[in-house]
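So the structure is just underneath, and the comments pick up after that.
Numbering of residues begins at 1 and proceeds along the displayed sequence.
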Amino acid sequence: MASHRRPKPASRTRVTVLTATAAAAVALSAQAANAAPAKPSKPTSVKDAKAQVDALYTQAEQATEKYNGANEKLKSLQTEAGTLQDQVARQQQHLNTLRDSLGTIAASQYRTGGIDPSLQLFLSSNPDSYLDQATALDQISSLQASALQQLQDAKRTLDQERAEATAKLAELQATKTELGNRKTEAKNKLAQAQAILNSLTAAQRAQIADDAARANRSTGRAPMGGSSATGRAAEAFAAAKTKIGKPYVYGGSGPSSFDCSGLTSWAYRQAGVSIPRTAAEQANAGTHLSKSQLAVGDLVIFYGDHHHVGFYAGDGMVLHAPKPGTVVRYESIDNMPFQFGVRI
């Protein structure tokens, strides 16, 4: 006898593909994270050492922004996965109720329809009573058909919701892995920067530290001029100014430490406005502006991959959390590759 294979449900195929894709992404990401970090070349001068350290700090900030993005995605996925799992549980309960109802109908039909209908009529001592019973039996059959249809629909819905929940959980696991990898990447870059600093003499390290200290001391020089901030932008900028001197910490979102997008999102939150957590997302959170259109309180986006953001402070200055080893401070807008401004 030839065997007949039933085709697999499309939803199950979709889940298998999604799960396999997520697993592959996790594996590749894990390989990248577990790879030994490249050993930085030995600096030939204090200037070369500072350039290498600054480059590593930039890479650490890029990894930090990706970490922030993965963390925000993780929070969203956890909520979505929980909702889907609740839906699956409720649908399973509904399916069980329908099955119980169908069983009751089937039992009633068995009690009233144990023998052939024509024989029942022939044996019946009261044909009128029999016909009444037959009508009731037809009604039960109709109820059974309706219940079967409901059962099939409920089973189809349950399968679909289970598929969606399975896919969402796979995506959740992949995002957790990415989160860990980005954290490791940022730490590796910071460790490489520290290794370069450790390779210098005490005098060379002091020279770099003095340069950083002079830059951090510039936080007290508020810029003069520029179009005034208004409304919520003014409130957000005012909140950011209260954090001048607070340290840059990767993943920091206040109130004691910040990374670049942590400062801007925290400040806008104090003004009652919710903006995305990462610099790349903040780049698309409002109207784009040229440098000449900037007003105090507008966001300023830097670098081609939009991994850095700050507040325009007027007079060609920005207020931002620059990089590891620094504090929230004012700095020239020309110190970094300007992309565009954003008005929330």
Side-chain angles (χ1 to χ4, degrees), residues 54 57-73 182 186 189 215 219 223 226-227 229 231-255 257-344:
D54 286 345
Y57 280 163
T58 296
Q59 293 167 25
E61 186 182 35
Q62 288 173 314
T64 297
E65 283 298 292
K66 291 175 181 176
Y67 167 88
N68 291 337
N71 196 33
E72 291 302 298
K73 183 180 179 182
R182 295 307 182 187
K189 297 301 181 183
T219 57
S227 302
R232 296 298 174 85
E235 293 179 42
F237 184 62
K241 287 194 293 184
T242 67
K243 298 304 177 181
I244 289 173
K246 295 296 183 182
Y248 178 103
V249 173
Y250 84 90
S253 56
S257 61
F258 301 89
D259 58 26
C260 68
S261 59
L263 174 66
T264 50
S265 58
W266 176 87
Y268 261 100
R269 196 159 58 248
Q270 309 318 299
V273 179
S274 176
I275 64 174
R277 174 61 176 84
T278 67
E281 290 177 312
Q282 290 176 19
N284 295 311
T287 304
H288 285 194
L289 309 166
S290 66
K291 191 179 290 187
S292 64
Q293 294 174 310
L294 290 172
V296 175
D298 288 330
L299 298 181
V300 186
I301 306 298
F302 297 97
Y303 298 98
D305 62 355
H306 306 161
H307 76 262
H308 191 77
V309 63
F311 280 104
Y312 185 62
D315 200 25
M317 303 286 282
V318 290
L319 176 61
H320 67 150
K323 58 188 177 182
T326 66
V327 297
V328 175
R329 70 191 187 197
Y330 293 109
E331 198 168 339
S332 170
I333 197 172
D334 297 321
N335 285 359
M336 296 164 287
F338 171 86
Q339 300 301 305
F340 49 83
V342 177
R343 184 160 295 157
I344 301 298

Looking only at the side chains, is there a donor atom on one of [X] and [Y] sitting less than 3.5 Å from an acceptor on the other?
| X | Y | answer |
| --- | --- | --- |
| Thr58 | Glu61 | no |
| Ser261 | Gln282 | no |
| Ser274 | Arg269 | no |
| His306 | Gln339 | no |

message: Are Phe338 and Leu294 packed together at the side-chain level, in the sense that at least one heavy-atom pair is separated by less than 4.5 angstrom?
response: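 Yes, side chains in contact.
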query: Do Met336 and Tyr303 touch side chain to side chain, with heavy atoms closer than 4.5 Å?
result: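 Sidechains of Tyr303 and Met336: in contact.
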task: Describe, in one word, how the ring planes of Trp266 and Phe258 are oriented to each other, choosing from parallel (under 30°), tilted (30 to 60°) and perpendicular (over 60°).
output: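 Ring orientation of Trp266 relative to Phe258: perpendicular.
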- prompt: Can you say whether the rings of Phe311 and Tyr268 are parallel (under 30°), tilted (30 to 60°) or perpendicular (over 60°)?
  reply: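 Parallel: the ring planes of Phe311 and Tyr268 meet at under 30°.
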message: Whether Lys323 engages the ring of Tyr248 as a cation-pi pair (distance to the six-membered ring centre under 6.0 angstrom, angle to the ring normal within 45°) should be assessed.
response: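 Relative to the ring axis of Tyr248, which defines the angle, Lys323 lies outside at least one limit.
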field: Presence of salt bridge, Arg277 and Asp259, under 4.0 angstrom
entry: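 A salt bridge links Asp259 with Arg277.
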field: Cationic N near anionic O, under 4.0 Å, Asp305 to Lys66
entry: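 Salt bridge absent between Asp305 and Lys66.
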field: Minimal non-hydrogen separation, Val342 against Gly286, with atom names
entry: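 Val342 and Gly286 have their closest heavy atoms at CG1-N, 3.5 Å.
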